[in-house]
Amino acid sequence: MIKLTIDHLHVEADPKLVEYISEKVGKLDHLLSRHARRSAHADVKIIGGPGRGKKQVTCEVIIHLPQEIVTTKQTAETTTAAVDLVEAKLKNQLKKYKDKHILSRRHKVRRIFGQIRRR
């Protein structure tokens, strides 16, 4: 599970909301390699919009990984909708991160074994 830090501004963060966020964002660790899982941590910011008219809620998630920082920000009418949108975007970004870093590691290992076999 990814370590979370949840901050909120102009929005009440009741225990149900905190649990919902930790369930959605915290469980994305299965998309990371074992090495990245150990050191990954996320900052979640929930920001309430203006008081007039439609109230918008912005959810911003910053995930600190070993070689990169993955960031996404989404706005919706409800907090849960904003968290759901952020989760969908993060899934795609973390899949790209894993593919990029796993493939580079495999290429390095293959190159090393290839050099050993030639000797």
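All residue numbers refer to positions in the sequence shown, counting from 1. As the structure is a prediction and not an experimental result, all values here were calculated from the model.
Atom CD1 in Ile63 sits 4.5 Å away from atom CG in Leu90 (nearest 0.5 Å). From Glu23, atom CD reaches atom NZ of Lys16 across 13.0 Å, with rounding to the nearest 0.5 Å.
Looking at heavy atoms from C-beta onward, Thr79 lies out of side-chain contact with Cys59 at the 4.5 angstrom threshold. Inter-residue side-chain proximity for Asp43 and Asp7 is flagged as unmet; no heavy-atom pair is nearer than 4.5 Å. Using a 4.5 Å heavy-atom cutoff, the side chains of Lys91 and Leu31 are in contact. A 4.5 Å side-chain heavy-atom check between Lys45 and Leu9 finds every atom pair outside the cut-off. In this structure, the side chains of Val44 and Ile46 come closer than 4.5 Å at one or more pairs of heavy atoms. Under the 4.5 Å side-chain criterion, counting only non-hydrogen atoms from C-beta, Ile6 is not in contact with Leu17.
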When you look at Glu77 and Lys55, which way does the side chain to side chain contact (heavy atoms under 4.5 Å, CB included) test go after all the steps?
CA-CA 6 Å; Glu77 290 186 21; Lys55 188 167 183 173; over 6 Å; no
Report the C-alpha distance between Leu94 and Leu65 in whole Å, list the side-chain angles of each, state the deciding distance to 0.1 Å, and finish with yes or no for side chain to side chain contact (heavy atoms under 4.5 Å, CB included).
CA-CA 10 Å; Leu94 291 176; Leu65 298 169; 3.9 Å; yes
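Looking at Tyr20 and Asp14, their side chains never bring a donor and an acceptor atom within 3.5 Å of each other.
With a 6.0 Å radius and a threshold of 12 heavy atoms from other residues, nucleotides or ligands, His41 has its NE2 atom above the threshold.
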